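As structure tokens, the structure follows; a few thoughts come after it.
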Amino acid sequence: MANTKQILAINRFDARHAKGLDAGLQSLIARREATFGASSVLVYQRPIRMVRAEGVWMFDADGRRYLDVYNNVASIGHCHPRVVEAIAKQAATLNTNTRYLYDNIHDYAERLLKTFTSGLSNIVFTCTGSESNDFALRLTKSFTGGTGFIVTETAYHGNTEAVTEVSPSSYKTRTVPPHVRTVPPPDAYRHPTNDVGARFAEDVAKAISDLARNGVKFGGLLLDSIFSSDGIYADPPGFLREAVDVVHEAGGLFISDEVQPGFGRTGAAMWGFERHGVEPDIVTMGKPMGDGFPIGGVVTRPEILESFCETTGYFNTFGGNPVAAAAGLAVLDVIEDEGLIENASRIGGYMRAGLQEIAGRHPSIGDVRGAGLFIGIEFSLPGTTDPDPATTGHVINELKERGVLISAAGAYGNVLKVRPPLCFSRDNADLFLETLDAVLSQR
Ligand SMILES: Cc1ncc(COP(=O)(O)O)c(C=O)c1O
């Protein structure tokens, strides 16, 4: 089997390829490396110098247009005019912190909380998904008294110290810390005959027992409800139910990380966990929440938040500021007014059908799966389920040369992550399908 890959290593630019690039690109890359140092990560063998974006399109410095099939930050479309206007207007009026009263953050909080069941009635605003997950870990520890967490093998939940410990896809040389256990993702492709939900619940139960055997009290199960970094696992709907029951029976909390599937992407509902008919104890959100404006949030039950606030203060200078609230409200308006959840369902279904047809002609595609506009295309060595990251890397770079932006996920970096803005049209879908077909036909 191919070696496992860190998420950031997938399709990463390698400086050894810099020689063939034009002088302008070489100079920008050199400036970047001189200032960003070892943390610099660029994508594509030939990096792109982006200058502007609009809807589903991005434009480089040479005026070349790219179809964005990858972006869940600009989830309702790049530079959406209603979001841009809301941000600009509010920034010109008032921008301060939540220690003052102002109306729009409460309009926003109430409107967002209406999308949850009544128990999940408190929200804490942050600026990023990482901060949201960091806070969720702290809430869980204080409410349960447990410090043990369970995550999937290739999970990514963010970049703080505590969150990196529960993000195995970020480990380079470090190993899983003593308070963390990993479980395999609910993979119906490699285990088609298993009951996916029962197997997943069994793995979670084993991990809880193992923590206990090693003297670690269980705190919670933290999952991205579409398993994006693990390789996108969506079906069958409902497969999370048994595992969530196991967690609750053991006195733990279920944290649903909605940074990727949230805000309608799965085409079924506002939140990814809803497809599985489960009620999380804590929900974390970020990326698509402000269509590019940095805003995040943690939704939970009042008693969970109270247990934390009894012992510790929490203040977030930028979280929930009036400009963030204006961006968040505009995003909710657009999702509703443009029918984006229905569009994700309709165009997502159309794309999956088109991809199945292409897979029938190209044996390198082992599986097509997903929900709404979050689709995984898994490349396997023909006739096997062994991962084929080489073909995946080739396809990503060839698509880019033909004006289509996409990247990959999964433990081996062999699953194309199809995650376009939710305003993707049928014409956009056709262009993507035709270009992918052409790339595979030339391989
Ligand atoms: C599932 C998931 N959770 C959390 C995060 C962290 O979000 P941020 O980069 O905004 O801190 C990410 C980012 O990729 C993510 O994919």
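Being a predicted model, the structure only gives us computed values, none of them experimental. Quick note: numbers below take in every heavy atom, side chains included, and nothing from hydrogens, waters or symmetry partners. Note that ligands are numbered from 1 as they come in the structure, with each ligand's atoms numbered from 1 the same way.
- Side-chain contact between K417 and I232 is present, with heavy atoms from C-beta onward closer than 4.5 Å.
- If you check the side chains of S142 and S307, you find a donor sitting under 3.5 Å from an acceptor.
- Here the rule is side chain to side chain donor-acceptor pair (under 3.5 Å) with S132, and of T284, D257, T126 only T126 fits it.
- Residues of the protein with a heavy atom under 4.0 Å from ligand 1 are T128, G129, S130, N133, Y156, H157, G158, D224, D257, V259, Q260, K287, listed by chain and number.
- For the pair R31 and T35, the tightest heavy-atom approach, listed with the atom from each and the gap, is O-OG1, 2.9 Å.
- Ion pairing between E378 and R190 holds under the 4.0 Å rule for side-chain N and carboxylate O.
- A salt bridge does not link D291 with R82: every distance from a Lys NZ or Arg NE/NH1/NH2 to an Asp or Glu carboxylate oxygen is 4.0 Å or more.
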